[in-house]
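Below is one structure, written out as structure tokens; comments come after it.
Side chains included, hydrogens not; waters and symmetry mates left out as well; all remaining heavy atoms used.
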Amino acid sequence: MSRVHIIGGGLAGLSAAVELAPQAQVELYEAGPACGGRARSFHDKALDTVIDNGNHLMLSANPCTFRYLDLLGARHTLQGPGEPIFPWFDLNEKRGWTVRLSPGKIPFWLLSKRRRVPGMTLKETTALVRLMRADDDTVVSDCLAEGALARRLLEPFAVSVMNTPSNESSAALLGNVVRRTLAQGGQACCPWMAAHGLSESFVTPALAYLEQYHASVHTGTRVAALRYERGRVVALETSSGEVALGAEESVIMAVPAPVATSLLPGLDGPDQFESIANAHFRLPFHLKPRGVVAQARFVGLIGGIAEWGFVHDDVLSVTVSAANRYADRSQTEMLETIWSELLQALNPILEEPLPQVMPTARLIREKRATFAATPEQNRRRPGAATPYINLALAGDWTDTGLPATIEGALQSGLDAVALLGFRSERTRVEAA
């Protein structure tokens, strides 16, 4: 049986490992103490509970994501409203509403004032067409028209998906997302999130699956260098010693862009990055929202720092995308501001209101969460192929046609597997 060495235990590496396990001997190396990368859970001592490293909202139009979960028998670990609904709250106008998409491709929801963005006009929807037709040099803000649709839906949607301000982010990349989601109708836009933590959905089931196929997972093992001879990788220099590769062995490098460029001479990759901040608040009681928020378990926020609020049993989690703009704000200032925004948005719909005094909280800033999704940085993204015949690249920063998302990471793992000549779902997708 062939042997494949996978460097990196994030979702790109796990995706490749899961795809390869039935057909090759997998050796996976993760420098950290646990796999999962940016999509993992851990027990936080300050909060004394399990939280996610970052909050992730997934849409039903993510074929690689749901195929991965189905292979692992983990789809049931997600929760969602079961329909394409998105509750919002405008912090400036103290007003809430819900976008309710039509199930099919014909956007009947745009004709109903009770289902669409309040204050929008149908003329504003031409922005979606402009996004899908955008060239590689256009930024998102150039495609948006002034009005309620942009301010109350498209702008916050763009920032959360791209993790880059809309006056800098690639319209072509966002257009690809629109083409896969909104353009396909509501059934492609049903929101889902991990019910009990990202690790329970994406990591723990993957490790159990790999164990069934006798794959080896080496955590706490850093690959410091690769040795190349005659157009091949012939050895890995790891923190546990050298690993020599035989003639039939291959390597998938599924590490962040800065690590990949240090390991692979001559590789160009994204070199500008955006941060994400996630705030977690531990409550002394279980949260009981009413109405659509009880069904969705999240709310989009407009007009403040907080962008998405996720309602768990006794934890409120908030995501702040494109967080470089808040780099000079202290953790205390960030948490207190976000808490005041949650009081405004959630107290009207909670059976028991939030306390005025902020509870125990934790702010996690990931400084290099994603590559900056600008046109220039997008052009720097390499494909899976490298100059070495037995080496492939994977990662949400590679050229997947998507911004840095869970779907892009999982897709990149499948692309790397296909490039090395193994069976891969992406081989069938590309051929269809």
Side-chain angles (χ1 to χ4, degrees), residues 11-12 37-39 54-59 61-62 64-65 86 88 127-145 149-183 188-189 191 193 256-257 269-278 298 300-302 305-308 318-327 365-381 395-412:
L11 290 193
R38 289 188 293 108
N55 301 301
H56 292 269
L57 192 66
M58 295 152 282
L59 298 182
N62 285 342
C64 295
T65 298
F86 297 85
W88 295 89
L128 298 174
V129 177
R130 288 194 291 272
L131 285 169
M132 290 187 286
R133 293 178 177 176
D135 61 31
D136 292 339
D137 295 317
T138 303
V139 296
V140 169
S141 59
D142 289 343
C143 298
L144 304 183
L149 180 63
R151 190 177 74 83
R152 289 178 163 170
L153 180 62
L154 298 185
E155 172 80 17
F157 173 70
V159 173
S160 61
V161 170
M162 306 290 283
N163 194 42
T164 305
S166 61
N167 64 336
E168 301 175 11
S169 58
S170 164
L173 269 184
L174 185 61
N176 288 343
V177 176
V178 171
R179 197 174 289 110
R180 295 187 182 202
T181 55
L182 285 171
C189 300
M193 59 184 179
D271 57 4
Q272 294 178 12
F273 303 90
E274 265 286 352
S275 64
I276 293 177
N278 289 278
F298 68 87
L301 301 170
I302 297 171
I305 291 178
E307 292 179 334
W308 295 95
V318 169
T319 293
V320 181
S321 301
N324 284 2
R325 51 191 162 155
Y326 303 120
R365 298 183 196 248
E366 189 152 4
K367 293 183 178 180
R368 290 187 169 189
T370 70
F371 72 94
T374 65
E376 188 273 333
Q377 289 294 299
N378 189 43
R379 284 190 285 269
R380 293 180 62 91
R381 301 169 74 184
D396 60 12
W397 57 275
T398 61
D399 188 12
T400 64
L402 295 171
T405 59
I406 283 178
E407 176 72 6
L410 296 173
Q411 176 186 308
S412 75

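The backbone N or O of Ala322 lies less than 3.5 Å from a partner atom in the side chain of Asn163, making a donor-acceptor pair. Between the side chain of Ser170 and the main chain of Pro375, no donor-acceptor pair closer than 3.5 Å is present. Remark: side-chain polar atoms of Arg365 are not paired, donor with acceptor, to backbone N or O of Ser275 under 3.5 angstrom. Distance alone, capped at 3.5 Å, places no donor-acceptor pair between the Thr398 side chain and the Asp396 backbone.
Between the CG atom in Leu11 and the SG atom in Cys64 there is a gap of 12.0 Å [rounded to 0.5 Å]. For the atom pair NE2 of His56 and CZ of Arg38, the computed distance is 6.0 Å after rounding to the nearest 0.5 Å. The distance from the CG atom of Leu149 to the CD atom of Glu155 is 11.5 Å, given to the nearest 0.5 Å. Going from atom CG of Leu182 over to atom CG of Leu153 covers 7.0 Å, rounded to the nearest 0.5 Å. Atom CD1 of Ile406 sits about 5.0 Å away from atom CE of Met58, to the nearest 0.5 Å. Summarising the geometry, atom CD belonging to Glu168 is positioned 9.0 Å from atom CD belonging to Gln272; distances are rounded to the nearest 0.5 Å.
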> Step by step, would you call Val140 with Asn167 a side-chain contact (heavy atoms from CB on, under 4.5 Å)?
Replying inline: CA-CA 6 Å; Val140 169; Asn167 64 336; over 6 Å; no
>> Using side-chain contact (heavy atoms from CB on, under 4.5 Å), reason through Asp137 and Arg379 one step at a time and then give a plain yes or no.
In response: CA-CA 10 Å; Asp137 295 317; Arg379 284 190 285 269; 2.7 Å; yes
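Leu154 is not listed as a side-chain neighbour of Leu174, based on a closest heavy-atom distance of 4.5 Å or more. The shortest distance between side-chain heavy atoms of Val320 and Asn278 does not fall below 4.5 Å. Trp308 places none of its side-chain heavy atoms less than 4.5 Å from the side chain of Leu301. Taking 4.5 Å as the limit, some side-chain heavy atom of Ile302 sits within range of a side-chain heavy atom of Trp88. With contacts defined as side-chain heavy-atom distances shorter than 4.5 Å, the pair Thr374/Thr164 qualifies. Between Arg368 and Glu274 there is no side-chain heavy-atom pair separated by less than 4.5 Å. Between Thr65 and Leu410 the shortest side-chain heavy-atom distance falls below 4.5 Å. A heavy-atom distance below 4.5 Å is not found between the side chains of Thr370 and Pro403.
Residues meeting the side chain to side chain donor-acceptor pair (under 3.5 Å) test with Ser321, sequence neighbours left out: Glu307. With sequence neighbours excluded, the residues forming a side chain to side chain donor-acceptor pair (under 3.5 Å) with Asp135 are Thr138, listed by chain and number. Annotation: salt bridge (charged side-chain N to carboxylate O under 4.0 Å, His left out) contacts of Arg380 (sequence neighbours excluded): Asp271.
Phe273 approaches Asn324 most closely through the heavy-atom pair O-ND2, 3.1 Å. In plain terms, the two heavy atoms of Cys189 and Leu59 that are nearest each other are O-CD2, 3.6 Å. Ala134 approaches Cys143 most closely through the heavy-atom pair CB-SG, 4.3 Å. The minimum heavy-atom distance linking Ala150 with Pro156 is given by the pair O-CD, 3.7 Å. Here the closest heavy-atom approach between residue Gln377 and residue Pro270 is recorded as OE1-CA, 3.2 Å.
In this structure, a donor-acceptor pair under 3.5 Å is present between the side chains of Thr400 and Arg381. Donor-acceptor pairing under 3.5 Å is recorded for the side chains of Thr319 and Asn55.
The pair Asp142-Arg130 does not meet the salt-bridge criterion, since no charged nitrogen lies less than 4.0 angstrom from a carboxylate oxygen.
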